[in-house]
Structure formats: C-alpha cells, structure tokens
Amino acid sequence: MPTIIATWPFGRLAAETGLARIARGDAALDAALAGAQAVEDDTTSRTSVGFGSLPDRIGRLTLDACVMDGRTLSCGAVAGLEHVRHPAAVARRVMEKTPHVFLVGEGAKWFALQEGFPLEYPYTVAAMREWEEKNPARRPPVPKKDGPAQMADIDEHNHDTVTVLAHDQKGNLGGVCTTSGLAYKLPGRVGDSPIIGAGLYVDDQAGAAGATGVGEEIIRIGGSLFVVEQMRAGKTPQEACELACRRVNAAAARRGVHPAQVAFLALDPRGNHGAACTQRANFVYAVGRDGRVEMVRAREVPPTA
Ligand code: GLY
C-alpha cells in the first residue's frame, strides 16, 4: 500500500505533504523530497532542520542532506552547506547532474549557486537568542581520562533530523534525510544524515531505512544499510530496526559508555513499516497512508535486550 513515514512530531508535516503527492501519482522520491522540504521551510516547529536551526559552536549554520532512489540506487548528498535553504534539493541535483554522490562545504555551495539556488540568510532571532544562552563554547566537554566524551541528551527540541521514506503507487521506494546536525557541534562536524548507508539507505529489492539521533553512533554501525540488509535477509521492518538498536547498544558496551539516543525507521517493499529506538530516545514518527497521517511511538530497546 502507498505509504510515507517521517521522523519526530514535525514528521507529520512531511507525511501530510508527501502523502498528497503520492495520492496524485508522484514518484516516491518526489513525495519524500516534497515532505522533507516542507519541514526545511518551516522555521516555527523545530530547531534542527533547515533555516532557523541552532548553529554550531561558533555560530555558523551548516546543513547536511542526502536522497536515494530505490529503483536505480541513484543517490546524492551534501554536507556543511551554508546559506542555501534547501539542502535536500541540492543533494538531488548532485544525484541528477553530476557523476558524483557527495559534495561538501564550499564546493557544495558553489554547485548550488551554479544550479540557481539563491544565497540566503539562515538565522532567525529565536535561534540566535537560544545560541547566545545555551552555546556550550564557554564550557566545552572535556574528554574523560577513561573514555571518550559523551553527547548531551537529544530530543526533537535540540536535535534532530527529518528522515522521510516513501512507497509510491508503482511500488517504488524513495528516501530523503535532512538536518542541521547536532546543535552547537564543533565546526566541521558531520553526522550520519548525509552519509548514504548511515542516515539513509533505499533499495526497492530489500527496503528503505533511515535514522535519527546521535549521528556518531549511527555511523559506527553503518545503521541504515544494516537495517536494509536485515530486511533483505527476511526480517520485518520492526525486527530490523530493533536489531540495529541492539547493535548500537552493543557498540556502546564495547566502548564502556552508555548507549546514545538513536532511532531507526524502515519500510519494506510492500509498504510495511517499523521503528525502534535506544533507551530514552522517546522517538515518535508519522505514518501516512489511506489518506490520513497518524503518529506512532517507536519501541524502545534497552541496553540488555
Ligand atoms: N542525526 C543527525 C546528526 O547526528 O547530525
């Protein structure tokens, strides 16, 4: 059944926008991109996707995004993109107009300008006020002697990504992942979101998966590709997402740290969906199908599971 799923409460806007596109016969990737772009454009409801998001530690807003078409395995990505409003649309142009998959920083901006995207000012008064008050630059995390620095808790207010996965009327899959990354990140830091196989992976022959949460942990296990490969091996989307969370937990245990807040969501080639999160991620996602959108709470996978 044609279906679209999207991360976090702001995923409702993405699912509503994308579902209307699927209903009129658009391709999965077009629907997912329209949904993701609606969230990029909405500066009122979140601080971690698109313009109006919380900047990095030195006050610069840089955006990361990727797209993938499950029919052809075509994909494109940008990271560290400044002053361009729609990073997911730029990622799609990388996919369609270049022989490459991934452009970063000044090169990504130069490419966007060549493609006709306007340069814009990305900062809102609200985001800059919050950055002034909460930016931890005056108290940077000091790595503990016996282990790596830990990330702060995340939720939809200080972090995170909109990942949109769609299954269209022809049965094809498409996905988009777009974010400003971790609030107050170190300049130059890139998380999982623009990395094909980490923040997103889509293959019509196996399924689509996306991630949200602390990107370092998702990259460490190759999260979204892992979920898709589990579905290829016969797991349901729900089982595959839970296995990915177990792997995040196990990776944390090997490093002697508490598992970070991470969530995965997935769609199989028939439009069945599932999602899971590590402890305290409090992850909800929007599911659009049959003309309506509902919010679903993901199953939590505790560290011992
Ligand atoms: N999941 C988004 C990031 O870590 O940047």
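Numbering of ligands and ligand atoms starts at 1, following listing order. Because only heavy atoms are used, hydrogens play no part in the values below, and waters and symmetry mates are left out as well, while side chains stay in.
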### Message
Is there a polar contact, in the sense of an N or O pair closer than 3.5 Å, between Arg189 and ligand 1?
### Response
yes
So the ring-ring contact (aromatic ring centres under 6.0 Å, His included) pairs with at least one residue in residues 68-121 (sequence neighbours excluded) are Tyr121-Tyr123
Quick note on ligand 1: atoms under 4.0 Å from a heavy atom of Asp192 include exactly 1 (N), 2 (C), 3 (C), 4 (O)
Quick note on ligand 1: atoms under 4.0 Å from a heavy atom of Ser193 include exactly 1 (N), 2 (C)
Under 4.0 Å from one or more heavy atoms of Thr161, ligand 1 contributes atoms 1 (N), 2 (C)
Within the side chain of Thr7, is there an N or O that forms a donor-acceptor pair under 3.5 Å with the backbone of Tyr285?
-> no
> Is the side chain of Thr178 donor-acceptor paired with the backbone N or O of Ala88 at a distance under 3.5 Å, no angle test?
Replying inline: no
Lys185 near ligand 1 by a heavy-atom separation under 4.0 Å: no
Report yes if Gly181 has an N/O atom closer than 3.5 Å to an N/O atom of ligand 1; otherwise report no. no
Exercise for review: Return yes or no for this condition: an N or O of Glu216 is under 3.5 Å from an N or O of ligand 1.
Suggested key: no
Exercise. State whether the side chain of Thr163 and the backbone N or O of Ala211 hold a donor-acceptor pair below 3.5 Å, judged by distance alone.
Key: yes
If we number the atoms of ligand 1 from 1 as shown, the ones under 4.0 Å from a heavy atom of Gly213 are 1 (N), 2 (C), 3 (C), 4 (O)
For this session: Answer yes or no: does atom NZ of Lys109 have more than 12 heavy-atom neighbours from other residues, nucleotides or ligands under 6.0 Å?
Result: yes
Within the 4.0 Å heavy-atom cut-off, what Glu217 brings close to ligand 1 is neither
The salt bridge (charged side-chain N to carboxylate O under 4.0 Å, His left out) partners of Asp204 (sequence neighbours excluded) come to none
#### Entry: Arg129/Glu133 salt bridge by N-O under 4.0 Å criterion
no
